[in-house]
Structure formats: structure tokens, C-alpha cells
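Presented below is the structure to which this report refers.
All chains are named by letter (A, B, ...) in the order of the sequence lines, taking the proteins before the strands, and each is independently numbered beginning at 1. Computed over heavy atoms, backbone and side chain alike; hydrogens, waters and symmetry mates excluded.
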There are 2 protein chains.
Amino acid sequence: MHIQSNFRVQEGSDISALFSAMKPTAVTFYPADSAIYAQGDAAGPVYFVEFGTVRICRVTADGRRQIIAFHTAGDVFGFEAGHEHDCSAESVDGAGIRVLRTNCNETPTGSLLKLALASLSRAQCHMLVLGRRTANERMAAFLLDLSERQGDTNLVRLPMQRNDIADHLGVTFETVSRILRSLKDQGVLLLRSIHEIEILDRASLEDMCE
Amino acid sequence: MHIQSNFRVQEGSDISALFSAMKPTAVTFYPADSAIYAQGDAAGPVYFVEFGTVRICRVTADGRRQIIAFHTAGDVFGFEAGHEHDCSAESVDGAGIRVLRTNCNETPTGSLLKLALASLSRAQCHMLVLGRRTANERMAAFLLDLSERQGDTNLVRLPMQRNDIADHLGVTFETVSRILRSLKDQGVLLLRSIHEIEILDRASLEDMCE
DNA sequence: CGACCTGTTGATTCTGCTCAATCAACGTGG
DNA sequence: CCACGTTGATTGAGCAGAATCAACAGGTCG
């Protein structure tokens with residue numbers, strides 16, 4: 001299923017360089033929870049998020065899952081070191097994706113390098129979160145990160161469900177639920193609906209992750 | 001202090017491409033615990049490990065530390081997304097380092113991209129460890145990783161101290177100590193000395209991290 | 001309407017942390 | 001050469017944070 005685009009690629013950005021060098025496909029719609037690629041699939045093309053949210057996952061043999069990252073409109077994902085994907089990518093909430101084929105010689109490696117380094121930087125940041133922060137601090141960091149990506153607004157959308165948040169933060173979904181509750185009780189958050197929260201006391205959240 | 005090189009760069013590798021494009025400096029020796037660069041320093045050149053071990057660290061405001069990665073002979077590190085380092089790099093045990101200056105236009109971005117993607121892949125793998133594995137599993141994964149890097153030998157050197165291992169695995173150094181003890185008691189390991197262990201039962205270690 | 005799925009909340013358990021003591025290795029200075 | 005201080009490692013006791021187990025509520029979809 002192909003649908004029309006609406007995301008504006010910024011002139012002169014690394015992404016626009018990618019777009020001109022690697023003719024992108026039309027937008028393909030992936031319904032919620034559908035796979036974009038699986039662990040073990042052949043790697044090669046990269047993917048551009050037109051709208052919606054994508055999760056990148058790694059799973060242990062006994063089924064424990066770590067969500068490496070969430071990607072939203074404007075993000076590029078899917079580059080791999082080897083010849084196959086060692087993470088899977090799935091649509092979280094219905095996502096529109098363009099595929100950018102790497103035509104071997106004409107790929108703008110400089111632009112890809114910048115994007116890869118940006119991913120690496122985010123990954124390093126998240127390793128500190130996973131390795132050295134408490135559950136409360138993880139949630140605070142996550143909410144601020146979401147808010148920042150959505151334009152530093154205080155009304156934050158949570159397109160993913162509790163389970164996804166938990167698997168991203170390395171806690172259980174019960175813990176996610178409890179922490180949101182506790183932040184509500186402290187007057188830090190207002191839980192508008194399951195997928196929408198309002199930040200009432202941003203300073204408190206920032207204190208929690210310094 | 002400059003000393004002579006002895007590490008053999010493989011012909012035709014991405015690293016040899018880097019070496020020919022970005023004339024490396026002579027080897028500089030960094031004594032144990034000395035800084036190669038600090039968080040906030042201007043980024044730009046990349047670094048090649050000739051010998052010894054380097055740790056890449058991120059620290060929270062209240063002093064908790066996460067060791068993002070250890071690098072050993074043959075590794076390249078130090079590339080950053082932005083204009084300054086957001087991790088610090090320190091010598092663990094006395095390390096010899098070559099600096100490779102990025103001459104803006106002549107940098108082989110394709111080779112750098114491959115190295116960056118390799119780092120990203122390792123980072124993703126470690127996120128699963130930090131987010132979803134128990135302390136025992138983390139230690140098992142760490143020992144197998146070290147063994148693999150040292151040529152799949154059963155006699156593994158631990159160049160770093162317990163504190164460093166702990167901060168890499170997201171546990172306390174007491175926990176590191178206890179787990180090594182417990183693996184010894186189970187007959188999985190032989191603790192030759194503080195910095196040298198022997199793997200007696202590799203299959204058990206592999207079972208622990210699947 | 002009932003089945004199912006997601007989310008919330010409570011009770012209990014347990015892994016790993018904190019605090020603390022001890023020990024071994026090493027370097028320094030009397 | 002030995003007393004002393006320092007630093008890293010080990011071990012123990014008790015505690016706390018988060019997991020597990022379990023019950024239930026609310027919403028959605030057939």
C-alpha cells in the first residue's frame with residue numbers, strides 16, 4: 001500500500017543529500033505491530049520515517065526484549081555493520097516508511113556517517129540510562145526525551161504502549177505504571193489519557209536525571 | 001613520549017584505508033588512568049590503539065559512571081556526532097595511541113562509516129545486556145567477549161580492575177567479586193590471579209547468555 | 001454480550017545494593 | 001628491615017528497589 005508523503009525534508013541537510021543520491025521509494029504504510037524487517041534479514045537499504053513511530057528491537061533466546069530505540073518522523077534507520085540486520089524493526093502505531101536503496105558506489109557515505117554517529121551518540125546516552133539510573137530516573141529521562149523530540153511541548157504523546165516503554169527502559173511494565181502513578185501523585189504529571197500526558201513540573205523531571 | 005609501533009595493520013582493511021588517507025602520528029604512551037580526551041573536549045581526530053586498553057566513559061552529575069566500551073589493540077575510537085566529545089577516553093593499563101587527523105575533504109568516510117557501524121552494533125548488543133540480563137549473565141557475556149577478542153583462548157586477561165568491570169556491566173564491584181567467586185565455586189572458572197582467569201567450562205558460560 | 005487485551009494496583013519475593021569489616025599487595029619512610 | 005598508610009579485592013549482614021505473582025478494571029472488537 002502506497003500513500004502520499006507530507007514530511008518536509010530540510011534543504012541542505014544530510015537527509016536531503018540521501019534523498020537526492022538514493023532515489024527513495026514511495027511511502028509504504030506499516031500497520032501497528034507489523035514488521036519492517038526482522039533480525040537476520042539481509043541488510044542494505046536504509047529507511048526513512050515519514051510519519052508514525054518505529055521500534056528497533058533485540059531479543060534474547062528466552063524472549064526477553066530490549067527496545068534499542070524509537071524512531072519518529074524525519075528519522076533514518078536500518079544501516080548495519082554486517083550483511084544482515086541484527087535488530088528487528090517494527091511499526092508501533094502505524095508508520096509510513098520510504099526505502100532508500102544504497103546503490104553501492106553513489107551512496108553519500110559522509111551523510112550516512114553523520115546519521116550513524118548520531119545514532120551512536122543516542123545509544124551511548126541510553127547505555128548510561130540502562131546501566132546507572134534508577135527506574136524513576138529512567139522514566140524522567142524518557143519523558144523529557146519524548147518532549148524534546150515533539151518540540152519541547154509540555155503535552156507529550158506516548159504513541160507506544162506500556163510494554164514498549166518498559167522494554168526500552170529495562171524495567172517491567174508494572175514498574176512503568178507505578179512510576180507514572182507516583183509522578184502523578186507528586187503533581188509532576190497529569191495523565192490526560194493512556195497515550196497523552198502533560199508535564200506540570202518540568203524542573204522536577206530535570207532534577208531526576210540531572 | 002613517543003615510542004615505536006608494533007601492531008600490524010591488515011592490508012586492504014578499512015583501517016589501512018584510514019592510515020593511508022590520514023597520516024597517523026607516532027605512538028603516544030598514556031600511563032594507566034591518564035586521560036586521552038575528556039567529555040567536552042573538541043572532537044575531530046580519531047584514535048588508533050596500538051597496544052594496551054582504553055575505556056570510554058560517561059558520567060552522571062552525581063558521579064555514577066558508565067563505561068560505554070573498552071578498546072584494545074587494533075581498535076579505532078573517538079569519532080563523534082557533534083563538535084565535542086560527549087564521552088571521555090582514558091588509558092586503563094598504559095596504552096599506546098596513534099592520532100589520525102581528519103583532513104576535512106580527504107577523509108575516507110566509507111571506512112569511517114564501517115567503523116562507526118561496528119561501534120553501533122556493539123553498543124546495541126551491550127544495551128540488551130544492560131537492560132535485560134541479570135548480573136550473572138552480564139559477567140558471563142563479558143568474559144566470553146573478552147575471550148573472543150583475545151583469540152578465543154581459555155586463558156583470559158582482565159586488564160582492567162573490578163571497578164571498571166562493574167561500571168561497564170552496570171553493577172557494583174562487590175557484585176563482580178561475588179560472581180567471580182561463585183563461578184569459581186561452580187568450577188566454571190579458575191582465578192589464576194587478579195588479572196588472569198581461566199575458563200574451565202565454556203559451555204556453562206555460553207548457556208548463561210544463550 | 002462476552003472474550004480479550006492493556007493497564008492498574010496490591011502482596012510478596014528476591015536480586016543486587018549499601019554499609020562495613022577484613023585481607024592482601026605495595027610503596028614509603030623511619 | 002619493619003611499621004605504617006594506601007589502594008584494590010573479598011566477604012558478610014541487612015536492606016531496598018524492582019521483579020514476580022495475582023487480582024481486577026476498563027476499553028475494544030468480534
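- Residue pairs meeting the side chain to side chain donor-acceptor pair (under 3.5 Å) criterion with at least one partner in residues 31-41 of chain A, sequence neighbours excluded, are A/D33-A/R55.
- For A/S111, the side-chain contact (heavy atoms from CB on, under 4.5 Å) partners are A/D14, A/A17, A/L18, A/P108, not counting sequence neighbours.
- One interatomic measurement links the two molecules: CZ of B/R132 to P of C/dG16, which rounds to 13 Å at whole-angstrom precision.
- Side-chain atoms of B/T28 and B/R98 form no donor-acceptor pair, as typed in the model, at a separation below 3.5 Å.
- In this structure, A/R133 places its CZ atom 17 Å from P of D/dG17, rounding to the nearest Å.
- In terms of phosphate contacts, B/T172 brings a side-chain nitrogen or oxygen within less than 4.0 Å of OP1 or OP2 of C/dC17.
- With sequence neighbours excluded, the residues forming a ring-ring contact (aromatic ring centres under 6.0 Å, His included) with A/F70 are A/H168, listed by chain and number.
- Residue A/M139 contributes atom CE, which lies 14 Å from atom C1' of C/dT8 at whole-angstrom precision.
- Here C/dT8 presents its P atom at 12 Å from CD1 of A/I197, a figure rounded to the nearest Å.
- Between the two ends of the helix from C/dC1-D/dG30 to C/dG30-D/dC1, each summarised by a five-pair axis, the helix axis turns through 30° (rounded to 10 degrees).
- The distance between atom CG of A/D93 and atom P of C/dT6, rounded to the nearest whole Å, is 15 Å.
- Under the side chain to side chain donor-acceptor pair (under 3.5 Å) criterion, B/D185 pairs with B/R181, not counting sequence neighbours.
- For the side chain to side chain donor-acceptor pair (under 3.5 Å) test, no residue two or more places apart in sequence or in another chain qualifies with B/Q161.
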Note to self: At under 4.0 Å between heavy atoms, how does the protein contact nucleotides 24-30 of chain D? Give one character per nucleotide, 5' to 3', with B, S or -.
What the structure shows: -------
Pull out every protein N or O sitting under 3.5 Å from an N or O of nucleotides 9-15 of chain D, one pair per line with the distance.
{"from": "D/dA9", "atom 1": "OP1", "to": "B/R162", "atom 2": "N", "distance (Å)": "3.4"}
{"from": "D/dA9", "atom 1": "OP2", "to": "B/R162", "atom 2": "N", "distance (Å)": "3.2"}
{"from": "D/dT10", "atom 1": "OP1", "to": "B/R162", "atom 2": "NH2", "distance (Å)": "3.4"}
{"from": "D/dT10", "atom 1": "OP2", "to": "B/R162", "atom 2": "NE", "distance (Å)": "3.0"}
{"from": "D/dT10", "atom 1": "OP2", "to": "B/S177", "atom 2": "OG", "distance (Å)": "2.7"}
{"from": "D/dT10", "atom 1": "O5'", "to": "B/S177", "atom 2": "OG", "distance (Å)": "3.0"}
{"from": "D/dT11", "atom 1": "OP1", "to": "B/R181", "atom 2": "NH1", "distance (Å)": "2.9"}
{"from": "D/dG12", "atom 1": "N7", "to": "B/R178", "atom 2": "NH1", "distance (Å)": "2.8"}
{"from": "D/dG12", "atom 1": "O6", "to": "B/R178", "atom 2": "NH2", "distance (Å)": "3.3"}

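- Every residue two or more places apart in sequence or in another chain was checked for a side chain to side chain donor-acceptor pair (under 3.5 Å) with A/N163, and none qualifies.
- Not a single side chain to side chain donor-acceptor pair (under 3.5 Å) links B/R157 to another residue, sequence neighbours left out.
- With sequence neighbours excluded, no residue forms a salt bridge (Lys or Arg N to Asp or Glu O under 4.0 Å) with A/R101.
- If you check the side chains of A/D62 and A/T60, you find a donor sitting under 3.5 Å from an acceptor.
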Return all side-chain donor-acceptor pairs below 3.5 angstrom for residues 112-125 of chain B, not counting sequence neighbours, or 'none' if the list is empty.
{"from": "B/S121", "atom 1": "OG", "to": "A/D86", "atom 2": "OD2", "distance (Å)": "3.3"}
{"from": "B/R122", "atom 1": "NH2", "to": "B/D145", "atom 2": "OD1", "distance (Å)": "3.1"}
{"from": "B/R122", "atom 1": "NH2", "to": "B/D145", "atom 2": "OD2", "distance (Å)": "3.2"}

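- Across the protein-nucleic acid pair, A/I179 atom CD1 and D/dA19 atom P stand 8 Å apart, rounded to whole Å.
- Computed from coordinates, the A/L169 CG to D/dA18 P distance equals 12 Å when rounded to whole Å.
- Spacing between atom CD of A/E137 and atom C1' of D/dG17 amounts to 12 Å, rounded to whole angstrom units.
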